[in-house]
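Report on one structure; see the data block that follows.
Order of appearance sets the numbers: ligands from 1, and atoms from 1 within every ligand. Each residue takes its place number in the sequence, starting with 1. Values reported hereafter were calculated over all heavy atoms of this structure, with side chains retained and with hydrogens, waters and symmetry mates removed.
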Amino acid sequence: MAQSVPLILKVLASSIKTAARAGKIVKDVMDKGELGIVHKNTTLPTFMNYFFRLIGASKNDVQTEADRSAQRCIITSLSRQFPNITIIGEEGTLDEAEIPSDWIVTDFDECVLKSTCPPKFIDTKPEDIVVWVDPLDGTSEYTEGLLDHVTVLIGIAVGGKSVGGVIHQPYYDYHTNRNGPGKTYWGLVGLGVGGFTPGKAPSDKFIITTSRSHRDEMVNRALNALNPDEIISVGGAGHKVVVLLEGRAHAYVYASRGCKKWDTCAPEGVLEAAGGLLTDIHGKHYDYSKNASFPDAQGIFATVQGVNHKDLISKLPEEVHKAFPY
Ligand SMILES: Nc1ncnc2c1ncn2[C@@H]1O[C@H](COP(=O)(O)O)[C@@H](OP(=O)(O)O)[C@H]1O
Ligand SMILES: [Mg+2]
């Protein structure tokens, strides 16, 4: 690879290949049938579970062997290629010492490497970059067999702002092609998107996508106020943004604090590279710098290009805004 390729393009090009490899691991674990499910917070004392509920985390947040193995693949691959960037994974610190050699990805997406780097990223340094990894978004759907809800997310933040990333859907179209390669949606703000052709949402009705498994009173109040013609309830933050990218909905609305930075960094970057917006429910972008707190504590509000983000947010009732203070 030419030395002159800007770092941001190398990180994106490597993330595209790595996400696909991690997606294959996710499928291999499922095919083997040993999911190794653990409930992440159930070993905590009662007061800690109470605290987790207060900040919006579920005490039954599950993790499987696929989450662990896919994260080991991604973090080991990216950190060997880019030792000086910061990488934060949903599953915390895992043993990377003895991972199979074929989990270590060393190749790059050629199309991205050959692209013209957006001028503002030409001089981006390793210390400016934070990569947020969700090795398996939609874990509860994965354990329930709703496989097309599952995505592998690698988000790229520069200077605390999500600017791009990769959403890989390992089970894309699996009903007709179970052993297919999946589908990879990537984007970089200023460069554009790749791996898919953005769809256009219908002009004769208004469609919102939201959580399937984490619905509460405040989520419902926000949805009622926006009065959509249709609600698409699916699992995973990555999958919901895929629904937007494919033109199947106009907005993703989630008035809840349950998502974390690794759930939204890649979806935000890819959606914004496609001309959309992903913010909190007040319209403010999240901070993805390395010391940022993990929860998306002010919820999620995402819209596709052509929808007036600010106008739509203004339709949320005051009580919903007040429920998510800074
Ligand atoms: N109330 C909550 N408690 C725990 N996790 C939540 C949550 N709300 C959202 N999430 C996490 O955010 C992601 C998208 O959620 P949803 O499908 O409900 O929209 C999932 O990530 P993971 O599957 O990676 O854990 C999910 O676990
Ligand atoms: Mg997730």
Within one Ile-Leu-Val-Met-Phe-Trp-Tyr cluster: Val130 and Tyr286, side-chain cutoff 4.5 Å: yes
Any chance the rings of Tyr142 and His149 have centres within less than 6.0 Å? no
Suppose I only count heavy atoms of Ser213 and a 4.0 Å limit; which atoms of ligand 1 are within that range? 18 (O)
N/O donor to acceptor pairs below 3.5 angstrom from side-chain atoms of residues 185-199, sequence neighbours left out:
| from | atom 1 | to | atom 2 | distance (Å) |
| --- | --- | --- | --- | --- |
| Tyr185 | OH | Gln169 | OE1 | 3.3 |
| Tyr185 | OH | Glu246 | OE2 | 2.7 |

Leu153 and Val243: same hydrophobic cluster, using ILVMFWY side-chain contacts below 4.5 Å? no
Just which atoms of ligand 1 are under 4.0 Å from any heavy atom in Gly138? 22 (P), 23 (O), 24 (O)
Contact check: Asp134 vs ligand 1, nitrogen or oxygen atoms, below 3.5 angstrom: yes
Can you check whether Glu141 has an N/O within less than 3.5 Å of an N/O in ligand 1? no
If I apply the N/O under 3.5 Å rule, does Ser211 come out as touching ligand 1? yes
Apex the Mg ion (ligand 2); atoms Asp137 OD1 and Asp134 OD2; angle rounded to 10 degrees: 100°
Glu230 with Arg248: basic N within carboxylate O range, under 4.0 Å: no
Decide whether Trp132 and Ile154 are clustered together by the hydrophobic rule: side chain heavy atoms of Ile, Leu, Val, Met, Phe, Trp, Tyr closer than 4.5 Å, transitively. no
Atoms of ligand 1 less than 4.0 Å from Thr139 heavy atoms? 23 (O)
Between Asp287 and Lys261, is the closest basic N to carboxylate O distance under 4.0 Å? no
Quick check on Asp123: does its CG atom have over 12 non-hydrogen neighbours (other residues, nucleotides or ligands) under 6.0 Å away? no
Using heavy atoms and a 4.0 Å limit, tell me yes or no: is Leu136 in contact with ligand 1? yes
For ligand 1, which part of Asp137 has a heavy atom less than 4.0 Å away: the side chain, the backbone, both, or neither? both
Candidates Gly258, Ser140, Gly238; heavy atom nearest atom 7 (C) of ligand 1 found on Gly258
Using the ring centroid of each side chain, check whether Phe301 and His309 are separated by less than 6.0 Å. yes
Geometry only, no angles: is Gly236 polar-contacting ligand 1 at N/O separations under 3.5 Å? yes
Quick check on Tyr254 - does any of its heavy atoms sit under 4.0 Å from an atom of ligand 1? yes
Quick one about Asn291 and Ser289 (side-chain donor to acceptor, distance below 3.5 Å, no hydrogens or angles considered), yes or no? no
For Glu90, is the nearest heavy atom under 4.0 Å from an atom of ligand 1? yes
For Gly235, the atoms of ligand 1 under 4.0 Å from one of its heavy atoms are 17 (O)
Considering only N, O or S atoms, which atom of Asp263 is nearest to the Mg ion (ligand 2)? OD1
Looking only at non-hydrogen atoms, the one of Arg257, Glu91, Arg215, His214 nearest atom 15 (O) of ligand 1 is His214
State if Lys240 counts as touching ligand 1 under the rule of any non-hydrogen atom under 4.0 Å. yes
Check this for me: Lys161, atom NZ, are more than 12 non-hydrogen atoms of other residues, nucleotides or ligands nearer than 6.0 Å? yes
Can you list the atoms of ligand 1 that are under 4.0 Å from a heavy atom of Ala237? 14 (C)
